[in-house]
Structure formats: structure tokens, C-alpha cells
There are 2 protein chains.
Amino acid sequence: MRINTVFEALSHPVRRQILALLKSGPMSAGELASHFDLTKPTLSVHFNKLRDAELVAVERRGTSLIYHLNMSVLEEALSGLLGNKDKSP
Amino acid sequence: MRINTVFEALSHPVRRQILALLKSGPMSAGELASHFDLTKPTLSVHFNKLRDAELVAVERRGTSLIYHLNMSVLEEALSGLLGNKDKSP
DNA sequence: ACTCTAATTAGATGAATTTCTAATTATTAC
DNA sequence: GTAATAATTAGAAATTCATCTAATTAGAGT
């Protein structure tokens, strides 16, 4: 896990909102894109950064790409900042 | 608390390390700067961003400026991402 | 007031980021 | 294989960011 890549990914509001949307469950690229006033290519770039950070994983279903949240990377990165090396129960 | 400013501040490795150094206790600007291979003006810019985000507070003692960590803003921002609206005891 | 130390602000420059349009890839269906 | 749909990559323009040197502010001591 590249901590640097994770925090860089978290630094943009659109990307944080993508994560927030994915908290309710997996979603296709197109459906995610429909929540923003940005073009699909622009969203694609954001998806890539989240994927590089392993904050999301992607799975193809037909012609669609389904994104889903990787909560554990998020938790590890944030607890790293707070200094909790151990994961609380 | 401007969540955007906080995560923008957290996105740079130098700034995250400044916070890590301050976890052991308050430190002057010069002492902080001595931990990095960067000029003091550059560090000053980083201090400003952390101060804008209210992640650190500053207090003058003589000719020195003493920075100290504001843990609560950090915790609030991170728990906001994880979706814990309540602060655990 | 002058000097020394600590740290900042100002201005400039090179690099990185965000966004767009246009072109491309991948998959399904006919 | 051609067309249609979903999403991507490529390339370019505008903006923002990180960093440096030089100049400035603030306080303490003589």
C-alpha cells in the first residue's frame, strides 16, 4: 500500500464523493459519472487514481465496469495517520 | 472546518511528516525545518497550509514560533470519511 | 538605534493536476 | 463482420502546486 498515492487520491473532492457513493454498494462507471457535472473521460481519470491507490477495485460485467469500494485500504491509511498500528475490534 | 482544505493539506508527504513530528510534542518552526532537506521558506508554506486547515496551531515564544498539533481536527476529518458521525469515547 | 536570530512574505519558475474534445478499445447483438 | 453501447486512452490548454532566492517583519539584547 503506497500511503502517498492513497492520500493524493483522497485530496480531491470528486474522488472523496465517489468513495462516499460506493459506500452504499458497487456501481458502474456510467452510473457514478451521472452524479457529477463532468465528462466521462474526466471521471475515468479520477477512477484511475482511486484504482492506483487501491481504494476501489473494478470488475467487468458485460460492457460495464463495476467499481466497488476497498474499505480496508482506506482504514489502514487513516489509522496510520492517527498512529493506531493495531486495528480495533 | 473546511474538509477540503484539510484533505488538501494531508495530501503532501512533507506535511504529513510535520504532523507526525508534532505528535511527540510542540516544536519550533526551525526545529521542524531541520528535519527536512528543504529551505525554510518552503517549510513556511507548508506550515501555512497546515494552519489554514487548522491541523496545527501556532504560538509565539520570543523570536520563535512554536507549532503544535490539533488532533481533534484530524480525527474529525478522518472519521468523516469513514462515516462515523459520532465520536467514540 | 543597531545588530542578531527566527521566521515570514514576495516573486519567479518548473512540474503536476484537472479538465476538455477526439479517437480508441472491449463487449454484446444482429 | 458491422453496428451499438460503455468506457477508456491520448493529447492539449488552463490552472494550481512546490520550490527556490531575495527581501521583509518581529523580537531580544547590547
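Worth saying up front: this structure is predicted, and the values here are computed from it rather than measured.
Of the candidates D:dA26, D:dA7, C:dA7, D:dA26 carries the atom nearest the B:Arg60 side chain, counting heavy atoms from C-beta on. Closest approach to the B:Ser44 side chain among C:dT8, D:dT8, C:dT17 is made by C:dT8 (side chain taken as heavy atoms from C-beta onward).
OP1 or OP2 of D:dT9 sits under 4.0 Å from a side-chain N or O of A:Asn48. Using a 4.0 Å cut-off, no side-chain N or O of B:Thr39 falls inside it from OP1 or OP2 of D:dT19. Put simply, B:Ser28 has a side-chain N or O that comes within less than 4.0 Å of OP1 or OP2 on C:dA7. One finds a side-chain N or O of B:Tyr67 lying less than 4.0 angstrom from the OP1 or OP2 phosphate oxygen of C:dT8. For B:Lys49, a side-chain nitrogen or oxygen approaches OP1 or OP2 of D:dA18 to under 4.0 Å. Of the side-chain N and O atoms in A:Thr63, none sit less than 4.0 angstrom from OP1 or OP2 of D:dA6.
Computed from coordinates, the B:Leu43 CG to C:dT8 P distance equals 9 Å when rounded to whole Å. Rounded to a whole Å, the NE2 atom of A:His46 is 12 Å from the C1' atom of C:dC20. One interatomic measurement links the two molecules: NE2 of B:His12 to P of D:dA18, which rounds to 5 Å at whole-angstrom precision. Separating the CG atom of A:Leu32 from the P atom of D:dA6 is a distance of 14 Å, rounded to the nearest angstrom. Atom CG in A:Asn4 sits about 13 Å away from atom P in C:dA16, given to the nearest Å. In this structure, A:Glu8 places its CD atom 13 Å from C1' of C:dA15, rounding to the nearest Å. In this structure, the CG atom of A:Leu38 is 5 Å from the P atom of C:dT19, given to the nearest Å. Computed from coordinates, the A:Phe47 CZ to D:dT9 C1' distance equals 15 Å when rounded to whole Å.
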(message) Could you go through B:Lys49 and B:Thr5, starting from their C-alpha distance and side-chain angles, then the distance that decides it, and tell me whether this counts as side-chain contact (heavy atoms from CB on, under 4.5 Å)?
(response) CA-CA 8 Å; B:Lys49 296 195 184 216; B:Thr5 309; over 6 Å; no
(message) With side-chain contact (heavy atoms from CB on, under 4.5 Å) as the criterion, how do A:Gln17 and A:Phe36 come out once you've worked through the C-alpha distance, each side chain's angles and the decisive distance to 0.1 Å?
(response) CA-CA 10 Å; A:Gln17 189 162 357; A:Phe36 299 90; 3.9 Å; yes
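If you check every strand for non-hydrogen atoms under 4.0 Å, A:Val45 touches a base. Residue contacts shown for B:Glu31 are absent, as no nucleic acid heavy atom lies under 4.0 Å away. Contacts of B:Arg15 with the nucleic acid, taken as non-hydrogen atoms under 4.0 Å apart, involve only primed sugar atoms and P, OP1 or OP2. Within the nucleic acid shown, B:Arg51 has no heavy atom closer than 4.0 Å to any nucleic acid atom. Looking at heavy-atom distances under 4.0 Å, B:Thr42 makes contact with a base.
Taken to the nearest 0.5 Å, the NE2 atom of A:His12 stands 11.0 Å off from the CG atom of A:Leu50.
Axis angle across the helix from C:dA1-D:dT30 to C:dC30-D:dG1, with five pairs used at each end and values rounded to 10°: 20°.
Annotation for A:Arg61: atom CZ does not count as buried by contact number, only 12 or fewer foreign heavy atoms lying within 6.0 Å.
Of the possible donor and acceptor atoms, none in the side chain of A:Arg60 sits under 3.5 Å from a partner among the backbone N and O of A:Leu65.
B:Val56 and B:Ile66 are assigned to two separate hydrophobic clusters, defined by single-linkage of ILVMFWY side chains at heavy-atom distances under 4.5 Å.
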